[in-house]
Each structure stands twice: as C-alpha cells, then as structure tokens.
Amino acid sequence: MKKYGVVRAFFIFVTVLFAACFGGPQVSYAQKVTEQFNKPMPEFELTGISEFKKATKVVVKEFQKDPALDYEVRVPENWTELSKGGLGDIAVSDKILGELGKFYGPPSSVSARSRLVIEAEGLQYYMTAYQWLVQYLLANGYNLQGMKVYDDKNAEALYVLIEDDVSYAVRAVARLNGSRVVFAQHFIPVERWHDEKVVQSLMLNSFHLKNEVDGYVEEMEEYQFLDFAEFKYPKSWTLETGSIRTIDRMGVELLSTEIVHRKHGKPTTRLDGQINVNMVSVFVSDTLEDEIERFREDLAKKNLNLGDFLEYREEFLFGDKFDFVDTQVFKATASSGKLIDHELWLTVMAKGEYYYFVSLFTPSRDEDYFTWARNTETYKLIVSTIEPKEGAVLE
C-alpha cells in the first residue's frame, strides 16, 4: 500500500519538474489586464464621522420579490431622491443594469450636482466582484484611479468618466449576492472631488445589503464516479463521458462552447473552455511521476505544450476534505503556433485510495478577460464541489 509520504513527494516533484522544464515560479509574465487594474485606492483620513452621521439619514430599500436587492445607505438630509417608478417596478436583467435608487445633492450654480446611483444586474455566470468591476470598466473605457478588493463578493473602485461634457470622479462598490450584483456609484464633478471625497467615501462605506442570499448563480447538474466521488457543474457546460472500463482510471470532460455564425455557410461552434476531472487509483502506477508524464503526453496529443509557469493559486484549500491540494497555472501554446494565448490550470488533490487531477484549458486573461473570468470561476466551483465518497476513502 502506498503511503502519503509518496503523495507529499509527488507535490515536491511537480514543482521541481515544472521548474526544470519551464523556468520555474520565478518566470515573469506580463499580465496586461492584471497590471492595468493593479492600482491602490487613494488614501486619506476619514474625518468628521460623527458630524457625517448627524447630517445624514438612513435610507432603507426593500424589494419583496427579490430580497437579494434589499439595501440601506446613509444620504445627506439635503439630498433629494429621484428614482424611477416604485419598488414594484424593479425588474433585474442579466444584460443591463436596472436602477434601484437615485439620490441628488443640492443644485450648484457653478457645476453639476453630485449624485448616488444604485443599480443591480443578474449574473449570467460565476465571477468575483473584482472580475465584474473589471469587465464593467473595460466595457465602458473608464479611467481607473484605484481599486480595492475586500473578498470575492465585495470590491471597490475609483474612476473618472465624462458625461454630458462634465468630468466626474466616481467611487463605486460592487457587491455580489446570490445571482445578483448590486452596484452603487457616487458621482462628484472632478473640480469638487477634493472637498467632497470624505463624504463620498463615508456614504459608500454606509452602503450595505440587508440579506445574504445563498445559492448557485447557474442551474447545476451533478455527476458521480460510481460510488467513489461526485461533483457539481453548471448546466451551461456540456459533460462528455465515456464508459468506465476500470475503476483505476476514471475521467470526464466538460466543455463550454459558443455558436459562431458566419455570413456564408453554416454556423460553427467555438470552444471557449475545457475542464477535465480525473480520478487515478494510488495503486495504478509505481510512481506518480508516471502520471505527470502521462498528463504531458495527453497534452502533446492535443497539439499543446506547457509554457512558462505563471502562478500558484492558494484559494483551493478545502479544510479536511482532502489530504493534499496543490494548484498551479501555466501558459499553454499550440505546437503549430496558430493558437491565441491560453492558460492551463492544474489542481492535484489526494484522499484515500485516489488522486484527483482537475485541469482547465482557457483563453488567457489578457487575450479574452470575459471568457477567462467565467472559465476560472467555474473551475473553482467544480473543484470545490468534488466530494470523495466512502468507496474511495481508506479506513
């Protein structure tokens, strides 16, 4: 029987092997999108908090049909609410932001009014608040001044935009809740930002969602490797399985595809992402080095080569569910050189009588950030739902 000391040696081997073949973790990677949005928020002292509370009122909004949207925020007493329709008119789309509330500061004879706009949008697929904000900023071409990530569900940004010939400094927060993103933006004409930036920050700091809503963003399906393990995956991904010929090696493939229409000819399907989930018995090989070599050979058969090591991912930790978890990311290239930049994510886990190999093949974050965000968050979700069953666990 193989001991877990072998498994530990395997993880050391993975790192050493990739370091030797591909340059190791010290290899730099020009992450254009990451660098573009790697700007810290401007720092300044938040003074006059007690005065702010005295000069503001708490506004609470509740939406009976969609509790995920319920929020509260502090608004200055001299601000005016100018919202569209009533609360019963709210319809959240997964295509455009729908307004939940709008508040205006007092009129000014020399510049535009400051305002707070709160909106919501349905999520089409899994992503973090940071990724949602990046997509929003990229789509609108706004000039980012700073960004801060609190956790996967909360992120904040400061950016400049021009609207009706007026330049605004906008501080915004994105909060994910269930299958919704609630987005609050505070607009200040740039010439007044220095004078109003503290109030802007305090107002957004007071913005909170009232109900934490659990649940999946997409409709989920479940797959079982006999009575050895199971995992969940979004229904929007296509599961391809083959017959299980031996319990020593079991695997499935998940595909994300997009129909591409051509002006002439029939529509074609484009592969946007691929996830492979494999279980390998600890008794099937003399060494786990053989499994890594097999993995590399499978890539070669698909006309793919592993490129530079990009990063470790430390969010793939699941308490006592597995004895070992290790995730690394690499550049992936085609042998023919006719492929756009891609990334290969590889997670290796161990529990009981099996090793779990989960890999993701995706366009790179700089080549197609939207697709990359969807693929990587779906990958994290699938990995996090893998559950070893009794038949795969040693007593």
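Nothing here was measured: the structure is a model prediction, and the numbers come from that model.
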- prompt: Atom OH of Y142 and atom CD1 of I162: how far apart are they, to the nearest 0.5 Å?
  reply: 11.0 Å
task: Mind running side-chain contact (heavy atoms from CB on, under 4.5 Å) on Q328 and F309 for me, showing each step along the way?
output: CA-CA 8 Å; Q328 300 180 31; F309 174 95; 3.2 Å; yes
message: Contact between Y125 and E377 at the side-chain level, heavy atoms closer than 4.5 Å - yes or no?
response: no
task: Please test L310 against Y312 for side-chain contact (heavy atoms from CB on, under 4.5 Å), starting from the C-alpha separation and ending with a verdict.
output: CA-CA 7 Å; L310 297 182; Y312 291 103; over 6 Å; no
- request: Indicate, with yes or no, if V73 and I49 share a hydrophobic cluster defined by side-chain heavy-atom contacts under 4.5 Å among Ile, Leu, Val, Met, Phe, Trp and Tyr.
  value: yes
task: State whether the side chain of E367 and the backbone N or O of S364 hold a donor-acceptor pair below 3.5 Å, judged by distance alone.
output: no
task: Working to the nearest 0.5 Å, report the span between CD of E43 and OG of S201.
output: 11.5 Å
message: Using the rule given for side-chain contact (heavy atoms from CB on, under 4.5 Å), can you reason through M279 versus L226, listing the C-alpha separation, both sets of side-chain angles and the distance that settles it, and then say yes or no?
response: CA-CA 11 Å; M279 292 180 63; L226 303 178; over 6 Å; no
- prompt: What is the minimum heavy-atom distance between L100 and A120, and which atoms define it?
  reply: CD1-CB, 3.7 Å
message: Once side chain to side chain donor-acceptor pair (under 3.5 Å) is applied, do any residues pair with Y159, and if so which ones, sequence neighbours excluded?
response: Q185
field: Shortest non-hydrogen contact between A169 and V190, atoms and distance
entry: N-CG1, 3.6 Å
task: State, yes or no, whether a side-chain contact exists between L381 and V217 at a heavy-atom distance under 4.5 Å.
output: no
message: Is it the case that over 12 heavy atoms from other parts of the model lie below 6.0 angstrom from the CD atom of E315?
response: yes
message: Does atom CD (E163) have a neighbourhood of more than 12 heavy atoms from anything else shown, all under 6.0 Å?
response: yes
task: Would you check if the side chain of R313 reaches a backbone N or O of W345 as a donor-acceptor pair within less than 3.5 Å?
output: no
- prompt: Restricting to pairs with a member in residues 74-83, which pass salt bridge (charged side-chain N to carboxylate O under 4.0 Å, His left out), not counting sequence neighbours?
  reply: K61-E81
task: Check whether any side-chain N or O of D70 sits under 3.5 Å from a backbone N or O of F63 as a donor-acceptor pair, and report yes or no.
output: yes
field: Residue pair P363 / D272: nearest heavy atoms and the distance that separates them
entry: CD-O, 3.1 Å
- prompt: Of all heavy-atom pairs between M147 and L133, which one has the smallest distance, and what is that distance?
  reply: CE-CB, 4.1 Å
message: Tell me whether R192 contacts the main-chain N or O of A112 through its side chain, where contact means a donor paired with an acceptor under 3.5 Å.
response: yes
- request: Indicate yes or no: at least one non-hydrogen side-chain atom of Y369 is less than 4.5 angstrom from one of T371.
  value: no
- prompt: Is the distance between the ring centroids of Y356 and F322 less than 6.0 Å?
  reply: yes
- request: For the residue pair F103 and V59, establish whether any side-chain heavy-atom pair is separated by less than 4.5 Å.
  value: yes
statement: Between G122 and R180, the two heavy atoms sitting closest are CA-NH1, 3.8 Å
query: Are any of the side-chain heavy atoms of M349 and V383 separated by less than 4.5 Å?
result: yes
- request: Using distance alone, with no hydrogens and no angle criterion, decide if E156 and Y150 have a side-chain donor and acceptor under 3.5 Å apart.
  value: yes
- request: For Y168, enumerate each residue passing the ring pair (Phe, Tyr, Trp, His ring centres under 6.0 Å) test, keeping only those at least two apart in sequence or located in another chain.
  value: F187
Salt-bridge present (E99, R115; N to O < 4.0 Å): no
Approximate separation, where rounding is to 0.5 Å, of Y136 OH and L97 CG: 6.5 Å
task: For residues A157 and L144, report the shortest heavy-atom separation together with the two atoms involved.
output: CB-CD1, 4.1 Å
message: What I want to check is whether the side chains of N375 and T362 have a donor and an acceptor closer together than 3.5 Å.
response: yes
message: Rounded to the nearest 0.5 Å, what separates atom CD in Q36 from atom CG in L138?
response: 5.5 Å
task: Could you check L271 against T257 for side-chain contact (heavy atoms from CB on, under 4.5 Å), going step by step and ending with a plain yes or no?
output: CA-CA 5 Å; L271 177 64; T257 58; 4.2 Å; yes
message: Is there a side-chain contact between P234 and M220 in this structure, where contact means two heavy atoms from C-beta onward sitting under 4.5 Å apart?
response: yes
field: K39 NZ to L158 CG distance, which is reported to the nearest 0.5 Å
entry: 10.5 Å
Transitive ILVMFWY side-chain link V213 to F207, under 4.5 Å: no
message: Are there over 12 heavy-atom neighbours, none belonging to E222, within less than 6.0 Å of that residue's CD?
response: yes
message: Tell me whether N177 contacts the main-chain N or O of L69 through its side chain, where contact means a donor paired with an acceptor under 3.5 Å.
response: no
task: Compute whether any side-chain donor of one residue and acceptor of the other, for R374 and S236, lie under 3.5 angstrom apart.
output: yes
task: Determine yes or no for a side-chain-to-main-chain donor-acceptor pair under 3.5 angstrom, with E72 supplying the side chain and V58 the backbone.
output: no
task: Side-chain contact test, heavy atoms from C-beta onward, threshold under 4.5 Å: evaluate it for W237 versus I382 and give yes or no.
output: no
query: Taking the six-membered ring of F44 as reference, does the NZ or CZ atom of K197 fall below 6.0 Å from its centre and within a 45° cone about the axis?
result: yes
query: Is a side-chain donor-acceptor pair under 3.5 Å present for W193 with Q200?
result: yes
- request: Name the orientation class of the two ring planes belonging to Y233 and F231 (parallel below 30°, tilted from 30 to 60°, perpendicular beyond 60°).
  value: tilted
task: Evaluate whether atom NZ of K235 has more than 12 neighbouring non-hydrogen atoms of other residues, nucleotides or ligands under 6.0 angstrom away.
output: no
message: According to a hydrophobic-cluster definition based on side-chain heavy atoms being under 4.5 Å apart (Ile, Leu, Val, Met, Phe, Trp, Tyr only), do F361 and L255 belong together?
response: no
field: Linked, directly or transitively: F52 and L46 (ILVMFWY side chains, under 4.5 Å)
entry: yes
Nearest-0.5 Å distance that lies between atom CE in M203 and atom CD1 in I188: 9.0 Å
- prompt: Are any of the side-chain heavy atoms of L239 and E221 separated by less than 4.5 Å?
  reply: no
